[in-house]
Amino acid sequence: MDCERRQAVSNQDARFHDLKFEDLLTIRNIIINHHDRSATELCNSASKSKLQLSPMGVRDAIKLVIRLLLLTKVEFSDNDFQVPQRHIPFSNDRSIEATLKRLEIKPLLLQESVLNRFPLWFNVVDLEKMAGLKVEWADYITDHLTIVDGTLYVLRNVEALKHIRGSPALAKGFFTNEFISETINSILLFFPVDRHDYRAWLRGNDGLTDWQQALVKDYSEQPSSREVADYPTWGHRLTRVIETSNNEGAWSFRRWWYDTRNESLWWTRWSLITALFLALVFGLIQSITGIIQVVYASRSSG
């Protein structure tokens, strides 16, 4: 909560920075009860509550609770161009329900994808080894499957998504069960169990945390479909990750060695590298032999 509140540090309302858990519950109930009302009505209702916040404090408090409750970053604005990256504009005449439904809009594709299945190498370990694409965790749905400066962000809050899906109040007024289920599957997609043991990647230098242990249990017991057609909402971002992974990152000998996605190219590449290496070695040997012969000949003539 403190981490989230620091994101609104520009707010000068002292009451906002003193918000307690009970205050957030009050705002939560207002958001749920006004899920189909406009942003203006939502803010007016929050202003009339016992919180006694300034207008800016009310808006920041609502954004804070939406991030905590629905894992989504919104920004009050009537202009899409004035909204920070990876935020959804929340206009005055639009409800939070209608605003969040923008996440579920299936993109119009100009051409049908030639990819039918996501390959097994499409996982967190091989994306880093083969494609040079770093994988980091995201806390918000709005950041899920975005690529920033060579880093892919994948949502980690599977248990929170399950809570939203299992809560009648949240599932009814904000996200559909189909969208939540697809989002969960798009996370587990990066952990095909017959490819790697991902626990070492997850824990890094530390032990597995509770949420990581839950993730291991999920991808072990609920393997995701690898059919592109099963991801009508997230499919465009997933295929874009594959397209980016084919060109992302600086090439190195380590990446050349691990990148076996195209076996014929792998063999061609390493055949050329081996041939070049042998040519250098034999050329060096020949040069050294020539030098030795010259030295020996000069000593013999002397």
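In this chain, numbering begins with 1 at the start of the sequence shown.
To the nearest 0.5 Å, atom OG1 of residue T40 and atom CZ of residue R94 are 13.0 Å apart. With rounding to the nearest 0.5 Å, the separation of OG in S95 from NE2 in H34 is 12.0 Å. Here the CG-CD1 distance, from L161 to I187, works out to 5.5 Å after rounding to the nearest 0.5 Å. In this structure, the separation between CZ on R199 and CD on Q212 is 12.5 Å, given to the nearest 0.5 Å. Annotation: the span from I30 atom CD1 to H35 atom NE2 amounts to 14.5 Å, rounded to 0.5 Å. Rounded to the nearest 0.5 Å, atoms NE2 (H144) and CG (L103) are 11.0 Å apart.
By the 6.0 Å and 45° rule, R226 does not stack over the aromatic ring of F118.
The nearest pair of heavy atoms linking K73 to T142 is N-OG1, 3.4 Å. Summarising the geometry of W234 relative to S186, their closest heavy-atom pair is CD1-OG, 4.0 Å, with the distance given to 0.1 Å. Residues R203 and L208 share a closest heavy-atom pair of CB-CD2, 3.7 Å. In plain terms, the two heavy atoms of H236 and T239 that are nearest each other are O-OG1, 3.0 Å. Counting all heavy atoms, side chain and backbone alike, Y231 lies closest to S225 at OH-O, 2.6 Å. Here the closest non-hydrogen pair linking I164 and L69 is CD1-O, 3.8 Å.
Just one residue in the list T72, I66, I62 forms a side-chain contact (heavy atoms from CB on, under 4.5 Å) with I96, and that residue is I66.
Hydrophobic clustering (ILVMFWY, side-chain heavy atoms < 4.5 Å, transitive): L71 and V83 are in distinct clusters. Under the 4.5 Å side-chain heavy-atom criterion for Ile, Leu, Val, Met, Phe, Trp and Tyr, V241 and W201 are members of the same hydrophobic cluster. With hydrophobic clusters built from ILVMFWY side chains whose heavy atoms lie under 4.5 angstrom apart, V135 does not share a cluster with L120.
The residues E75 and K63 are annotated as salt-bridged, a charged nitrogen and a carboxylate oxygen being separated by less than 4.0 angstrom. Checked for salt-bridge contact, D23 and K20 miss the test: no charged N lies under 4.0 Å from a carboxylate O.
In this structure, V125 and K129 have side chains that are in contact, with non-hydrogen atoms separated by less than 4.5 Å. Counting heavy atoms from C-beta on, the side chains of R59 and C43 come closer than 4.5 Å. No side-chain heavy atom of N157 sits under 4.5 Å from any side-chain heavy atom of W137. Residues V216 and W211 fail the side-chain proximity criterion, which asks for heavy atoms closer than 4.5 Å. Proximity of I242 to P119: side-chain heavy atoms (C-beta onward) are separated by under 4.5 Å at one or more points. For the pair F191/D218, no side-chain contact is recorded, criterion being any heavy-atom separation below 4.5 Å from C-beta on. Counting heavy atoms from C-beta on, the side chains of L70 and I141 never come closer than 4.5 Å. In this structure, L42 and F90 have side chains that are in contact, with non-hydrogen atoms separated by less than 4.5 Å.
The other members of the hydrophobic cluster of V148, by chain and number, are Y153 (side-chain heavy atoms under 4.5 Å, ILVMFWY only).
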**Study point:** Criterion side chain to side chain contact (heavy atoms under 4.5 Å, CB included) on H196 and D126, from CA distance to verdict
**Key:** CA-CA 9 Å; H196 294 289; D126 288 333; 3.0 Å; yes

Practice item. Start with the C-alpha distance between Q286 and T289, add both sets of side-chain angles, then the distance that settles side-chain hydrogen bond (donor to acceptor under 3.5 Å, both in side chains), and finish with yes or no. Key: CA-CA 5 Å; Q286 191 174 21; T289 302; over 6 Å; no

Practice item. Please assess E136 against K134 for the test salt bridge (Lys or Arg N to Asp or Glu O under 4.0 Å), listing each intermediate value before the final yes or no. Key: CA-CA 7 Å; E136 294 284 357; K134 187 178 180 182; 3.1 Å; yes

Exercise for review: For side chain to side chain contact (heavy atoms under 4.5 Å, CB included), just list the numbers for N123 and L127, CA-CA rounded to whole Å, side-chain angles, deciding distance to a tenth of an Å, and then say yes or no.
Suggested key: CA-CA 6 Å; N123 62 74; L127 278 172; over 6 Å; no

Exercise for review: Begin from the C-alpha positions of V158 and L215 and carry the test side chain to side chain contact (heavy atoms under 4.5 Å, CB included) through to its verdict.
Suggested key: CA-CA 7 Å; V158 174; L215 180 62; 4.1 Å; yes

Practice item. For L155 and D143, run side chain to side chain contact (heavy atoms under 4.5 Å, CB included): C-alpha distance rounded to whole Å, both residues' side-chain angles, the deciding distance at 0.1 Å, then the answer. Key: CA-CA 7 Å; L155 186 66; D143 291 327; over 6 Å; no

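N33 contributes a side-chain N or O that, together with a main-chain N or O of N29, makes up a donor-acceptor pair within less than 3.5 Å. Between the side chain of T26 and the main chain of E22, a donor-acceptor pair closer than 3.5 Å is present. Using a distance-only test at 3.5 Å, with no hydrogens or angles considered, no donor-acceptor pair links the side chain of S167 to the main chain of H163.
For D197, the CG atom is densely surrounded, since the number of other residues' heavy atoms within 6.0 Å is greater than 12. For K162, the NZ atom counts as densely surrounded, since its 6.0 Å shell holds more than 12 non-hydrogen atoms of other residues, nucleotides or ligands.
Between S181 and R165, the side chains place a donor N or O and an acceptor N or O closer than 3.5 Å (distance only, hydrogens not considered). Counting only N and O atoms by type, the side chains of D93 and S91 include a donor and acceptor under 3.5 Å apart.
Remark: F175 engages F179 in a ring pair (Phe, Tyr, Trp, His ring centres under 6.0 Å) (not counting sequence neighbours). Judged as a side chain to side chain contact (heavy atoms under 4.5 Å, CB included), and not counting sequence neighbours, S287 has no contacts.
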